[in-house]
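Notes to accompany the following structure.
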Amino acid sequence: MSNIKPSLAKGTRDFSPLEMIRRNYIFDTIKSVFKKYGYAEIQTPAMENLQTLTGKYGDEGDKLIFKILNSGDFLKEPKKKEFDFNAPENSNQLTPLISEKALRYDLTVPFARYVVMHQNEIALPFKRFQVQPVWRADRPQRGRYREFYQCDADVVGSDSLLNEAEFACIYHEALQKLGLRDFTIKLNNRKILSGIAELIGKPELIVDMTVAIDKLDKIGLDGVSKELVERGFTSADLEILKPVILLEGNNAEKLNSLSQVLAHSETGLKGIDELKRVLDYVEALNPGLTATMLQLDITLARGLNYYTGCIFEVKTNEVAMGSIGGGGRYDDLTGMFGLKGLTGVGISFGADRIYDVLEELGLFPETAMAGTRVLLTNFDAAAEAFALPLLSRLRDAGIAAELYPAAAKLKKQFSYADAKGIPYVVIVGGEELESGKPALKNMATGEQESLTIDLLIERLQ
RNA sequence: GUGGUUUUAGCUCAGUCGGUUAGAGCGCCUGAUUGUGGUUCAGGAGGUCGUGGGUUCGAGCCCCAUAUUCCACCCCA
């Protein structure tokens with residue numbers, strides 16, 4: 001058997017002990033906020049039936065789903081042998097023949113599947129959170145991985161805009177707790193975007209319109225105009241769009257201008273009303289948030305095509321990074337699984353991007369690795385026999401302790417303690433066996449003293 | 001999916017015009033110190049130069065293919 005050079009699959013990463021401490025710090029912080037707002041945790045499988053996932057994320061999204069090859073001799077059946085591999089563009093036809101499972105692409109669609117399957121057990125409104133990895137066959141780059149964790153909170157079965165308002169508060173509270181100070185929670189409403197498309201008389205081009213104006217801060221008005229024309233809008237359309245895109249002022253002022261522009265669009269007005277009520281709720285829950293971090297942004301579109309109402313996106317202003325969170329309301333996600341009339345709204349934190357941001361800003365707390373507190377040295381069989389009961393007593397006292405597993409040179413054992421950052425070493429050798437008093441050495445100060453076992457344990461607590 | 005970029009010791013990186021035995025720092029191992037880490041000193045090990053082809057008397061260096069890294073698009077957390 002030839003030796004394979006060890007390597008990671010593209011876009012995936014190992015997490016070492018320090019990284020895990022930091023990652024868990026992020027997960028725990030976000031989870032604690034979710035719990036405080038009444039959300040309960042669930043988990044779903046890493047893989048779903050391919051059918052469950054396809055068609056939910058748009059054409060681009062479908063391409064990014066990792067499919068799992070069927071097991072066994074999956075081309076055995078005669079029907080499959082007739083497949084024409086030479087036909088053009090035939091991958092789409094081949095996929096269902098050789099794959100029926102896929103890795104989940106996000107946590108929202110599996111959650112919708114979960115709600116439908118468990119509808120008889122859950123009480124509505126159902127508030128759940130979920131922290132698990134998702135997979136996307138994207139090309140990796142900064143802040144973009146093929147395997148990454150999402151921290152989702154969703155509520156289904158409640159159309160109250162209080163939910164939206166609370167999500168804004170959750171974003172604020174969790175990110176604040178993680179040490180981020182300058183970030184923006186952007187808020188928009190799909191109904192407003194629909195209203196604008198109606199106004200122009202091209203409701204069928206809403207997706208093209210949103211994709212284009214979403215890029216305003218990136219490519220500017222000229223770039224957006226150019227793209228809109230490419231996507232089928234006329235210069236007359238642009239004249240209508242321009243003042244909407246360039247809307248300025250605070251949230252209330254923007255809403256005022258919009259209600260004039262959209263005065264004849266029922267959908268648009270509904271969107272405006274929804275945003276107003278969300279902002280009022282937030283103002284009552286967290287006064288001041290609406291004036292600073294929560295910003296109405298008409299150009300916010302978001303790609304996922306199942307959103308129908310409010311949409312969120314969170315960006316940090318401290319480092320250059322894509323969005324660190326997003327979400328929105330979807331009125332009929334469970335409808336695709338046969339459960340009609342159930343509305344849902346949810347948000348997601350991108351834990352891996354938050355990690356990169358915290359690292360770049362040096363915001364991880366300095367809490368040392370909660371590793372071993374004391375190492376017992378190992379001289380020989382007699383010393384080991386003496387050390388074993390002491391080891392148990394230390395652990396019973398709740399002290400993380402380990403005995404060096406072989407009678408190696410002391411130099412090696414001390415180097416091990418040093419490399420692992422263990423703050424104390426207990427030396428048990430001939431002298432200590434005679435006196436019955438092990439020596440406790442403080443690795444930071446170099447001080448060393450002989451202590452009775454009781455005193456030693458007391459000292460380490 | 002499109003365009004560019006990276007890959008040389010465990011890690012971070014030098015390597016001139018294509019020319020003899022591919023280097024440095026850090027880390028690692030050994031000893032100074034057979035009961036003491038982190039500091040110091042002395043010595044040592046460690047390389048199919050991402051992989052596969054090609055050009056050449058000769059390739060780490062040039063050409064082709066492929067993988068990988070990072071970046072910009074597309075899109076997104």
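FYI, side chains are in, hydrogens and waters are out, and symmetry mates aren't considered; it's all heavy atoms of this structure.
Side chain of Arg139(A), nearest nucleotide from U2(B), C75(B), C73(B): U2(B). Listed nucleotides: A77(B), C71(B), U68(B). Nearest to the side chain of Arg142(A): C71(B). When distances are taken from the side chain of Arg144(A) to each of G31(B), C73(B), U69(B), the shortest belongs to C73(B).
Across all strands shown, C13(B) forms a Watson-Crick or G-U wobble pair, both distances under 3.5 Å, with G23(B). Base pairing analysis places G43(B) opposite C29(B); the two distances defining the Watson-Crick or G-U wobble pair are each below 3.5 Å. Under the Watson-Crick and G-U wobble criteria, each requiring two contacts below 3.5 Å, nucleotide A65(B) is paired to U51(B).
Using atom P as the reference point in both A77(B) and A9(B), the two lie 38 Å apart (nearest Å).
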Report task. Go through Phe129(A) and Phe34(A) one step at a time and tell me if the ring pair (Phe, Tyr, Trp, His ring centres under 6.0 Å) criterion holds. Result -> CA-CA 7 Å; Phe129(A) 75 87; Phe34(A) 285 163; 5.5 Å; yes
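For the pair Phe66(A) CZ and C76(B) C1', the interatomic distance rounds to 14 Å; values are reported in whole Å. We find that CG of Leu376(A) is positioned 16 Å from C1' of G37(B), with the value rounded to whole Å.
Base contact: Lys441(A) has a heavy atom under 4.0 Å from a base atom.
A donor-acceptor pair under 3.5 Å is absent between the side-chain atoms of Asp356(A) and the main chain of Arg353(A), judged by distance alone.
Under the stacking criterion of a centre-to-centre distance below 5.5 angstrom and an interplanar angle below 30°, Phe148(A) sits stacked against the six-membered ring of A77(B).
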